[in-house]
**Q** 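This is the structure I have questions about; it appears just below.
Letters A, B, ... mirror the listed sequences (proteins, then strands); counts begin at 1.
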Amino acid sequence: MTDSTGTTAPAPTADLDGAAAPDRSGLYLVDGSGFIFRAFHALPMMTRPDGTPVNAVLGFSNMLLKLLADVKAEAVAVVFDSARLNFRNEFYPDYKAHRPETPEELKPQFALIREATDAFCLPSLELDGYEADDLIATYARLAQEAGRPVTIVSSDKDLMQLVGPGVAMYDPMKNKHIGPDEVFEKFGVQPDKVVDVQALAGDSVDNVPGVPGIGVKTAAQLITEYGDLDTLLANAEKIKQPARRQKLIEFADQARVSRRLVQLEANAPQPKPLEDLRVREPDHRRLIDFLKAQGFRSIVARVEMEMKRDGRIADAGLPASPATPGAVDADGVVAPQPTATVEKRYELVQDLAALEVWVRRAQASGVIAVDTETNSLTPATATLVGVSLSTAPGLACYIPLAHGSAAAAAGQLDFDAPPPPKQIPTADLMAALKGMLEDPAILKVGHNFKFDHQLFARNGVTVSPIDDSMLISYALDGGAHGHGMDELAELHLAYTPISFKEVCGTGKTQITFDQVPLDKALDYAAEDADITLRLWTLLKPRLVEARMVTVYETLDRPLVPIIADMERAGVRLDQDALKRLSQDLAVRLVEIEKDVHQLAGQSFNIGSPKQLGEILFDVMKLGAGKKGKTGAYSTDSSVLEELAEQGHSIAQRVLDWRQLAKLKSTYTDALQEKIEALTGRVHTAFALAATNTGRLSSTDPNLQNIPIRTEEGKKIRRAFIAAPGNRLISVDYSQIELRLVAEMANIQALKDAFRDGLDIHAATAAQVFGVPLDQMTPDIRRKAKAINFGIIYGISGFGLSRQLGITPGEANSFIKTYLERFHELKVWMEATKSFARDHGYVETLFGRRCYMPGIQDKNPARRAFAERQAINAPIQGTAADIMKRAMNRVPAALAAAGSHAQMLLQVHDELLFEVPEAEAEQAAALVRAVMEGAASFSVPLVAEAGIGSNWGEAH
DNA sequence: CGCATCACG
DNA sequence: GACGTACGTGATGCGA
C-alpha cells in the first residue's frame, strides 16, 4: 500500500470501503479533543437520568464505533489535549486566548470520554504542555520512520500539514479521505508548505495573528512564488503591490511567530512507546455496561448486533443488509435506508423552559414534524393527551399533557393511583406553540395531518403552512401500496416502528394513551414525529422528480384543513327517528323470520349464507345451486331474485329479511351509537389516501353509503337533519363521469348531446339503437343507460349481459354498435390500455397517477381486470380531482359572500351543507357555480342543488 | 380474520 | 384461445 519510493502520494493507508483486504499494519491516530468539541456543539444537550450531560460522550462513542466498524487497524491511539496551556503560551501568551470558557455542560464529559475510550479498549495519549496535535505529529513521525502507514482521524485543518508520504487523513464526520490533493484544495499548496501559508494567513479561531490583510489565497500565491516563508520575507521589498509589501515588512516577525504557533511539534516526549498502541481484543461486556450506564440504548443495540455478526453471540436470524442505501431502483422505489445507524435522541418535555429549545430549533430550520396523541380516534371529540415534535432525524420530543389523569378526569378519587406526572397545562402549551404553529415561515409536517389539525383547531390554533407525508406518498405512489406511517417506515426506512398495540394493548385489556407510562409514551410518540420528518425528507423531493407537485399542492394538501373542518362540524341525526325505525325493523324482521322458517320447514339462521344455502338447495331442492370457490352455495341477491321469479316465495322473503337486517344493523342501530355525546352529532372520518383513484372514502361511520335507493332506505336518509333554524343543501354533479368520457375520449356525438342539454341516456339510445327520441321507450333507455355505465367500468360483454339479463352475445352486439356510433371511444380505450401497459399506471386529466400493478400479469383474467381498472381509473379519478378542486374553493367562496354555510359531507359527486335558513338559496346558487366552474372543458359541467330540512328532502 | 353480502357513488 | 368478469369503496355477521 505504501509507496516505497516516496515520490508520489500514498494510497489511503487503510481500506475504509471494505473493497480490498484490510491493511493491518497501519496506525490510526484519532484526534480525541477535536471530536469532543465537535460532538458537543453538533448534538443537542442531553443528560443521563442522574442529570450528567452526555451529548458529547454520545457523539464520541458513535464516532469510535463507526471508526472501528469501518477500519481494521493494527494500532490505534485516541489523543487528547491535557490542559488549557501548552508550550506555545510560553512564547505567545495570547495563543488561543480568544477561546471561550469551556461550557459547564462539557466539563464533566471529559472524564466520561476517557472512560469511553477505555471501555472501547483503545489506548489513549496525552501529555502535559502539549496539544493533541503535537502528539499526533510525534507519533505520525515515529510510525513513518518505522515504515508503517498512518491515518490521522480528524477534521482539523491544522493537522493537514502532516499529510505526506505514508500519512493520510480521514474525516469521519464527512466520511472523506484527505490526501495531498484535498490539502491543496484547502490551502493552495502542497502539505509541506501548509505551515507557511498558515503563518501568513493567520487563524482567528486560534488567535494566530499572521500578516494583516493576507488570507489563504494570497498566502498560497506568495508561497508558490517564493518557495517558503523565509525566502518570501527576505525578498519582501521586491513585492510589487505597495500595501502588501509594506505589511510583509512590518509584520515579518509576527509571521515567524505565527509559524511557530502553527508548526506542530513532531519531537514531543512520548508518553507511551509505539508498541503499546497495538489494538487489543475489545471487552464487549465492559463496553456494553459503560454504554448502558450512559443510557445509549441504540448504540448498545448496535454493539450487540456487531457481536452477533462477529459470531460472538450465536444468532442465525440476522437481517440481511439492505441494498445500496438511498438508491432508486427502476420502479422509482427508494431502497430502504437502515434507520438503526441514526442515534435516537428523544426528550420528554415537562415544562415551558424545555419547550422553548424546540421552538427555537423550528425557527432555525423552518420545518418541524408535529404529531398529537389522544384518547380516541375521533378528533372532533378526543381529548388531547400529548404532542410530539421532531426537528431533525433522530431528534424528537414528547410533551405529555393529560397523562395519568384518567381517574381524575372521570371524577373518581383513587388514592392508590400514583399522582399525575408533571405536565404543562394544555392551554399553556397552546399559547406557547401558537406563534410557531401559525408562523408562515415554519412548515409543519404531519402524517395524516387532518387529525392533528382538528385537535389544534379545537384549541384555538390554526396550523399553517403544513405538509402531509401521507398525502405526499399518496400523490407519488397511489395504487402501488398503502400510505400508513408503519408501512412507509418499513418500505422507505427499513424500520419497524413501535406499534400502538405494543404500547396500549389490544381488545379488552386495551388502555387509552393517557394511561401509558411516560417513558413508553415518549418512545412511541417521539418516534412518530421522528419518522414523519424522515419520511417527509425522503418523499418531498420526489414530488418534483415525479412531476407530482401540482397534484399534491393544488388538490390534496389544501384539502387537509377543509376536510378537518367538515369532520369537526359533523352532521346532526334525528336519534328518535332512528330509534323508532330500529324498533319497527325489529318487529318486521321477527315476522319475516317466522315466515321463512315455516316455508323452510325448520328453524335456522337466515343471516348465515351457509345455512341458507343448505336449506334452499339441499333441503328444499330449489334448483341446482351455484357453488363458489369456497365450496359454499351462493345465495346473493341475484340468485335469490332468480328463485323468486321462479315463484319460490321463500326467496323473496329472504331478500326482504336481508334488506331490513342490513338497514337495521348497519344504519339505524349503528348510527345511533356513533352520535358523539360532546357535540350531539356524528363525525365521520374521510380517508384522503385510501383509494386507488383519488376518491375520498368515509369511515367510522361510513356516511358515503347511506341508503337512498329503496323507500325503506330513504327513511334513514331523512334522519339526517339540519340544526334548528338551518337547512341542508345537497349539490351534486350531473353525469360527471360520462361527461368526462366524452371529454377525454373526445367523442363528438356525445359532447354535442351534453352541450345540447339532452337526456343523455335517451340520446345514447337514439344513437345506438336508431330509435327517434319521440319514440323512446323506458326499456330502450334503460339498456342505453346500462351501456353508458358499462363504459365507465371498462365494459365487458359478460358484465353487461349480467346487468341487463340478456345473453353475452346480445350484449356484445350492443357494445359493437355503441363503439361504431362513438368510434372515438375505441381509440381512447386502446390508447389508455396501451399507456397503462407501457407505464404501469394511468393518469387523470389533472396529472394524478394511478398505479395498476396487475397490468403486466401473465394471468389473462387478472390482466383483463387491470385493463378495466385502467379504463375506469382516469374517469373516476378525474371526477374526484374536479370534486377536490371544487371543495378547495367552496369555503373561501362562501366566506367571501358572507355566507355561514358549513360543508358537512362529500359523497363522490355530491356535497352536503348546513346553512342558516335565510341563506339557503344564496348558498346553493354559489356552491353550484363553484362546482360547475371547478374545471373548464368543451363539455359543460352541470351541478344540481336541493334544499330541505333533511338529507332525503335536499337530495 | 377471511368470506359473503350489500349499502353507496 | 386462455381466464373469470363490470369500476371504486366500508360495515356487518358468520364461522373457522
**Q** Touch check for Ile792(A), heavy atoms < 4.0 angstrom, all strands: base, sugar-phosphate only, or nothing?
**A**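 Nothing, no heavy atom under 4.0 Å.
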**Q** Report yes if a side-chain nitrogen or oxygen of Ser608(A) is closer than 4.0 Å to either non-bridging phosphate oxygen (OP1 or OP2) of dG15(C); otherwise report no.
**A**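 Yes, such a contact exists.
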**Q** Is Ser697(A) close enough to dG8(C) that one of its side-chain N or O atoms is under 4.0 Å from OP1 or OP2 there?
**A**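 No, no such contact exists.
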**Q** Atom OH of Tyr633(A) and atom C1' of dC14(C): how far apart are they, to the nearest Å?
**A**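 In whole Å, dC14(C) C1' and Tyr633(A) OH are 19 Å from each other.
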**Q** Answer yes when Lys714(A) and Glu953(A) have at least one side-chain N-carboxylate O distance shorter than 4.0 Å, and no when they do not.
**A**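 Answer for the salt bridge query: no.
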**Q** Between Ser637(A) and dC6(B), is there a contact of a side-chain N or O with OP1 or OP2 at under 4.0 Å?
**A**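 So the side chain of Ser637(A) is within the cut-off, an N or O lying under 4.0 Å from OP1 or OP2 of dC6(B).
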**Q** Please state how far atom CG in Leu911(A) lies from atom C1' in dG9(B), giving the value in whole angstrom units.
**A**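 Checked: the CG to C1' distance equals 13 Å.
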**Q** Just checking Phe798(A): base, sugar-phosphate only, or nothing, at a heavy-atom cut-off of under 4.0 Å?
**A**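 Base contact.
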**Q** Looking across every strand, which nucleic acid part, if any, lies under 4.0 Å from Gln659(A) by heavy atom: base, sugar-phosphate, or nothing?
**A**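 Sugar-phosphate contact only - Gln659(A) comes under 4.0 Å of backbone atoms but never of a base.
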**Q** May I ask you to say what Gly794(A) touches in the nucleic acid, namely base, sugar-phosphate or nothing, with a heavy-atom cut-off under 4.0 Å?
**A**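 Touches nothing.
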**Q** Do the side chains of Arg782(A) and Asp779(A) get close enough for a salt bridge, i.e. N-O under 4.0 angstrom?
**A**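 Answer for the salt bridge query: yes.
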**Q** Under 3.5 Å, is there an N or O donor on one side and an acceptor on the other linking the side chain of Ser796(A) and the base of dT5(C)?
**A**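 Looking at the base of dT5(C), it does pair with a donor or acceptor on the side chain of Ser796(A) (distance under 3.5 Å).
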**Q** Which is true for Ala870(A) with a 4.0 Å heavy-atom rule: it touches a base, it touches only sugar-phosphate, or it touches nothing?
**A**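 Nothing, no nucleic acid heavy atom in range.
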**Q** Which part of the nucleic acid, if any, lies within reach of Arg709(A) when heavy atoms closer than 4.0 Å are counted: base, sugar-phosphate only, or nothing?
**A**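 Base contact.
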**Q** Would you say dC14(C) has OP1 or OP2 under 4.0 Å from some side-chain N or O of Asn605(A)?
**A**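 For dC14(C), OP1/OP2 do have a side-chain N/O of Asn605(A) under 4.0 Å.
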**Q** Once you apply the 3.5 Å cut-off to both distances, tell me the Watson-Crick or G-U wobble partner of dT9(C), or none.
**A**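 Across all strands, the one nucleotide that pairs with dT9(C) is dA7(B).
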**Q** With no angle test and no hydrogens, is the base of dC6(B) tied to the side chain of Lys662(A) by a donor-acceptor pair under 3.5 Å?
**A**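 In this structure, the two groups form a donor-acceptor pair.
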**Q** Rounded to whole Å, how long is the line connecting atom CD of Gln704(A) with atom P of dC6(B)?
**A**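 Computing the Gln704(A):CD to dC6(B):P distance gives 21 Å.
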**Q** Going by an N to O cut-off under 4.0 Å, is there a salt bridge joining Arg695(A) and Glu737(A)?
**A**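 Counted as a salt bridge, because a side-chain N and a carboxylate O are separated by less than 4.0 Å.
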**Q** Without swapping roles, check the side chain of Glu932(A) against the backbone of Ala943(A) for a donor-acceptor pair under 3.5 Å.
**A**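 Answer holds: yes.
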**Q** What is the separation between atom CD1 on Ile736(A) and atom P on dC7(C), rounded to the nearest whole Å?
**A**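 Taking atom P of dC7(C) as the reference, CD1 of Ile736(A) is at 21 Å.
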**Q** Considering only dT9(C), dT12(C), dC8(B), which nucleotide approaches the side chain of Asn692(A) most closely?
**A**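 In terms of side-chain proximity for Asn692(A), the closest of dT9(C), dT12(C), dC8(B) is dT9(C).
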**Q** Checking contacts here: which listed nucleotide (dG8(C), dC8(B), dA2(C)) is nearest the side-chain heavy atoms of Gln876(A)?
**A**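 For Gln876(A), the side-chain atoms sit closest to dG8(C).
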**Q** Report the nucleotide, chosen from dC8(B), dA4(B), dC14(C), that has the shortest atom-to-atom distance to any side-chain atom of Arg717(A).
**A**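 Closest nucleotide among those given: dC8(B).
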**Q** For the side chain of Leu663(A), starting at C-beta, report the closest nucleotide among dC6(B), dA7(B), dG9(B).
**A**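 Nearest listed nucleotide: dA7(B).
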**Q** Determine the interatomic distance between P on dT5(B) and the same-named atom on dA6(C); round to the nearest Å.
**A**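 dT5(B) and dA6(C) have their P atoms separated by 13 Å.
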**Q** Under 4.0 Å between a Lys/Arg side-chain N and an Asp/Glu carboxylate O for Arg653(A) and Asp656(A)?
**A**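 Here Arg653(A) pairs with Asp656(A) in a salt bridge, since their nearest N and O are under 4.0 Å apart.
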**Q** Would you say the side-chain atoms of Gln646(A) pair up with the backbone N or O of His648(A), donor to acceptor, closer than 3.5 Å?
**A**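 No, Gln646(A) side chain to His648(A) backbone: no donor-acceptor pair under 3.5 Å.
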**Q** For Arg868(A) and dC7(C), is the shortest distance between a side-chain N/O and OP1 or OP2 below 4.0 Å?
**A**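 Yes, Arg868(A) has a side-chain N/O under 4.0 Å of OP1/OP2 on dC7(C).
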**Q** Please state whether the phosphate of dG9(B), meaning OP1 or OP2, lies under 4.0 angstrom from any side-chain nitrogen or oxygen of Gln906(A).
**A**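 So the side chain of Gln906(A) is outside the cut-off, no N or O lying under 4.0 Å from OP1 or OP2 of dG9(B).
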**Q** Picking from dC3(C), dG9(B), dT5(B), which would you name as closest to the side chain of Tyr793(A)?
**A**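 Ranking dC3(C), dG9(B), dT5(B) by closest atom to the Tyr793(A) side chain puts dG9(B) first.
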**Q** For Gln869(A) and Pro860(A), find the nucleotide of DNA chain C closest to each by heavy atoms; which residue's nucleotide sits nearer the 5' end?
**A**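 It is Pro860(A), whose closest nucleotide lies nearer the 5' terminus.
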**Q** Mind checking if Ala670(A) touches a base, just sugar-phosphate, or nothing, with heavy atoms under 4.0 Å?
**A**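 Sugar-phosphate: the residue Ala670(A), judged by heavy atoms under 4.0 Å, touches backbone atoms but no base.
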**Q** Among the candidates dT5(B), dA6(C), dT12(C), find the nucleotide nearest to the side-chain atoms of Gln803(A).
**A**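 Among dT5(B), dA6(C), dT12(C), the one nearest the side chain of Gln803(A) is dA6(C).
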**Q** What's the closest nucleotide to the Lys610(A) side chain, out of dC6(B), dA7(B), dG15(C)?
**A**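 The nucleotide sitting nearest to the side chain is dG15(C).
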**Q** Go through the N and O atoms of the side chain of Arg862(A) and the base of dG4(C), and report whether any donor-acceptor pair is under 3.5 Å.
**A**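 Between dG4(C) and Arg862(A), which were checked side chain against base, a qualifying N/O pair under 3.5 Å is absent.
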**Q** Report which part of the nucleic acid Ile708(A) touches: base, sugar-phosphate, or nothing (heavy-atom distance under 4.0 Å, all strands).
**A**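 Sugar-phosphate contact only - Ile708(A) comes under 4.0 Å of backbone atoms but never of a base.
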**Q** Is the Phe814(A)-Phe769(A) ring centre distance short of 6.0 angstrom?
**A**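 For Phe814(A) and Phe769(A), the ring centres are under 6.0 Å apart.
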**Q** Looking at Lys579(A) and Asp574(A), would you say the former's side chain and the latter's main chain have a donor-acceptor pair under 3.5 Å?
**A**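 Looks like no, no N/O pair under 3.5 Å.
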**Q** Could you state the atom-to-atom distance from CG of Leu612(A) to P of dT5(B) in whole Å?
**A**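 Result: 9 Å.
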**Q** Round to the nearest Å and state the distance from Lys664(A) atom NZ to dA11(C) atom P.
**A**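 Going from Lys664(A) (NZ) to dA11(C) (P), I get 19 Å.
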**Q** Among dG10(C), dC6(B), dA6(C), which is the nearest nucleotide to the side chain of Arg658(A)?
**A**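 Nearest nucleotide to the side chain: dC6(B).
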**Q** Below 4.0 angstrom from OP1 or OP2 of dA4(B), is there any side-chain N or O of Ser634(A)?
**A**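 Negative; the distance criterion is not met.
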**Q** Kindly point out which of dA4(B), dC7(C), dA7(B) is positioned nearest to the side chain of Phe865(A)?
**A**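 That would be dC7(C).
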**Q** When the P atoms of dA4(B) and dG4(C) are compared, how many Å lie between them, rounded to an integer?
**A**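 Those two atoms are separated by 15 Å.
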**Q** Under the salt bridge (Lys or Arg N to Asp or Glu O under 4.0 Å) rule, what do Arg781(A) and Asp759(A) come out as? Steps first, then yes or no, please.
**A** CA-CA 10 Å; Arg781(A) 184 180 180 279; Asp759(A) 171 343; 2.9 Å; yes
**Q** Looking across every strand, which nucleic acid part, if any, lies under 4.0 Å from Gln611(A) by heavy atom: base, sugar-phosphate, or nothing?
**A**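 Touches sugar-phosphate only.
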**Q** At 4.0 Å (heavy atoms only), tell me whether Asn705(A) reaches a base, stays on the sugar-phosphate, or touches nothing.
**A**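 Touches a base.
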**Q** What is the pairing partner of dG2(B), taking Watson-Crick or G-U wobble pairs with both distances under 3.5 Å in any strand?
**A**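 dG2(B) is paired with dC14(C).
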**Q** Would you mind reading off the distance between Lys714(A) atom NZ and dC8(B) atom P, rounded to a whole angstrom?
**A**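 Rounded to whole Å, this separation is 10 Å.
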**Q** Could you state the NE2-P distance from His955(A) to dC8(B), rounded to the nearest angstrom?
**A**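 Distance, rounded to whole Å: 11 Å.
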**Q** Side chain of Arg695(A) only, heavy atoms from C-beta on: which candidate in dC6(B), dG9(B), dG4(C) is closest?
**A**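 The answer is dG9(B).
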